[in-house]
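Scope of the values below: all heavy atoms of this structure, side chains included, with no hydrogens, waters or symmetry mates.
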Amino acid sequence: MLKIPLEDFVEEIKSEIIGYEELGEEKAREWENKFLSLVNEAKSVTKNIEEEDGKKYYLLEDESEIFRIVDMYLAAVDTGEEKEYWEKWN
């Protein structure tokens, strides 16, 4: 398990999303906004978020999980299934 600061996790995901020509910066910002809104609702994604000394961390199985998250997002955008993508975070 890897534990990285939540801000770093979000930046890594955004960076990978921007790297896909089909997605770009706008989709990276959309992903960030939606993800952070889920985190702030505290009813979602909490199984992968840990708080320590007032700082939030995201727990990853390994670094390849970042690429899986982005690849799943790309597939969801391509197929018009973004709603379903976000439902999986709950």
Query raised in the report: Going hydrophobic residue to hydrophobic residue with side-chain gaps under 4.5 angstrom, can you get from Tyr57 over to Val10?
Result: no
**Report entry** Pair listing, salt bridge (Lys or Arg N to Asp or Glu O under 4.0 Å) test, anchored in residues 4-24, at least two apart
**Finding:** Glu11-Lys14, Lys14-Glu32
Query - Leu23 and Ile18: CA distance, side-chain angles, deciding distance, side chain to side chain contact (heavy atoms under 4.5 Å, CB included) verdict - result: CA-CA 6 Å; Leu23 297 175; Ile18 289 169; over 6 Å; no
Query raised in the report: With the 4.5 Å side-chain cut-off for hydrophobic clustering, are Phe67 and Ile13 part of the same group?
Result: no
Report summary line: Smallest heavy-atom separation, Tyr85 atom then Ala76 atom, equals CB-CB, 3.6 Å
Report summary line: Trp86 and Phe35 have their tightest heavy-atom pair at CH2-N, 3.8 Å
Report summary line: The reported gap from CG in Leu38 to CH2 in Trp89 (rounded to nearest 0.5 angstrom) is 8.5 Å
Query raised in the report: Only one of Ile66, Leu2, Ile49 clears side chain to side chain contact (heavy atoms under 4.5 Å, CB included) with Tyr58; which?
Result: Ile49
Report summary line: For residues 54-74, the salt bridge (Lys or Arg N to Asp or Glu O under 4.0 Å) pairs (sequence neighbours left out) are Glu61-Arg68
Requested in this report: Would you mind listing the cluster partners of Met1? Hydrophobic ones only (ILVMFWY), side-chain contacts under 4.5 Å, chaining allowed.
Outcome: Leu59
**Report entry** salt bridge (Lys or Arg N to Asp or Glu O under 4.0 Å) contacts in which one or both residues fall within residues 79-89, not counting sequence neighbours
**Finding:** Lys27-Glu82
Query raised in the report: Would a hydrophobic clustering, with Ile, Leu, Val, Met, Phe, Trp and Tyr connected at side-chain separations under 4.5 Å, put Leu74 with Val70?
Result: yes
Query raised in the report: Is any side-chain heavy atom of Ile69 closer than 4.5 Å to a side-chain heavy atom of Phe9?
Result: yes
Query - Glu26: partners by salt bridge (Lys or Arg N to Asp or Glu O under 4.0 Å), with sequence neighbours left out - result: none
